[in-house]
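Just so it is clear: chains get the letters A, B, ... in the order the sequence lines come, proteins before strands, and each one is counted from 1.
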Number of protein chains: 2
Amino acid sequence: MFDDEYFMRLALNEAEKAKEEGEIPIGCVIVCNDIVIAKAHNQVQTLNDVTAHAEMQAFTAAANYFGSKYLKDCTLYVTLEPCAMCAGAAAWTQIPKIVYGTQDETHIQIDRRKLLHPKTTLKGGVLEKDCKQLLTTFFAEKRKNK
Amino acid sequence: MFDDEYFMRLALNEAEKAKEEGEIPIGCVIVCNDIVIAKAHNQVQTLNDVTAHAEMQAFTAAANYFGSKYLKDCTLYVTLEPCAMCAGAAAWTQIPKIVYGTQDETHIQIDRRKLLHPKTTLKGGVLEKDCKQLLTTFFAEKRKNK
């Protein structure tokens with residue numbers, strides 16, 4: 001039951017919350033031994049803060065949960081491939097695994113840019129279609145309402 | 001009076017605060033039209049949070065000051081060349097100028113990694129000796145007390 005798709009679905013739930021708030025729909029969860037220890041969604045517009053990406057908030061929440069800034073036995077599930085800022089933050093946490101839904105086609109892939117910790121494994125394409133559709137629908141509606 | 005060295009000295013004051021708190025001594029200020037609108041120092045240990053770099057806190061504070069997440073007429077003065085996370089955040093803010101003190105010799109330079117916004121200019125080496133010495137003294141003392 002607790003496979004990558006299960007946790008990505010929880011990340012998608014978070015992305016839906018972002019959408020309801022008028023935010024670009026990106027969500028994530030951080031999981032440790034099959035327990036969700038942090039969940040967050042993009043709040044850049046709501047908080048008026050470019051650093052309020054889902055992953056950044058989840059890293060802070062997970063560190064609070066553990067009382068440790070290193071997330072050594074955790075996996076990050078995020079609907080969109082992390083940006084350079086979030087990949088850089090992930091490297092500092094030393095999180096061993098990142099699973100993302102759909103690729104960020106506007107940037108060079110983060111693994112090719114060597115932004116992650118050398119021990120972090122990256123897996124993409126989990127529930128890719130759902131993660132991508134949420135984003136494309138959001139942007140299509142944005143353009144229509146302009 | 002209000003030149004790069006003047007503002008880097010303020011960033012150095014912030015770095016000194018970090019040192020007093022047992023943090024790696026890195027500090028920064030964000031300046032707009034010669035007015036300091038945000039200042040911050042590294043608080044990673046204190047807050048137990050890898051995202052609590054000086055720059056990240058200053059970006060959030062500056063956005064709060066303006067009520068806008070874009071820092072279009074600002075300059076970031078930071079004692080150490082920003083890491084990938086902070087450079088990525090800087091790119092999202094679209095800040096047009098970053099001035100740093102000393103280079104981060106543990107990583108490839110951020111401008112060579114294309115992490116900044118294309119319109120952002122980067123200047124290094126302002127009060128380099130002072131910024132570097134603060135860090136080397138800190139790490140030397142750390143090693144001595146081990």
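For the pair B/E141 and B/K144, the salt-bridge criterion is not met [side-chain N within less than 4.0 Å of a carboxylate O].
Cluster note: B/L12 groups with B/M1, B/F2, B/Y6, B/F7, B/M8, B/L10, B/V29, B/V31, B/V36, B/Y77, B/V99, B/V126, B/L127, B/L134 through ILVMFWY side-chain heavy atoms spaced under 4.5 Å, whether in direct contact or through intervening members.
Contacts with chain B were tallied for A/L47, A/D49, A/T51; A/D49 has the most, counting heavy-atom pairs under 4.5 Å. Each of B/A52, B/G67, B/A91 has some count of heavy-atom pairs under 4.5 Å with chain A, and the biggest count is that of B/G67. Considering only heavy-atom pairs separated by less than 4.5 Å from chain B, the leading option among A/Y70, A/W92, A/F66 is A/W92. The candidate from A/A90, A/A63, A/S68 with the greatest count of non-hydrogen atom pairs under 4.5 Å with chain B is A/S68.
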Please tabulate, for the side chains in residues 19-27 of chain A, all donor-acceptor contacts under 3.5 angstrom to protein atoms that are two or more places apart in sequence or on a different chain.
residue, atom, partner, partner atom, Å
A/E21, OE1, A/H41, NE2, 3.1
A/E21, OE2, A/H41, NE2, 3.0
A/E23, OE1, A/V44, N, 3.2
A/E23, OE1, A/Q45, N, 3.0
A/E23, OE2, A/Q45, N, 3.0
A/E23, OE2, A/T46, N, 2.6
A/E23, OE2, A/T46, OG1, 2.6

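B/K39 NZ: 12 or fewer foreign heavy atoms inside a 6.0 Å radius.
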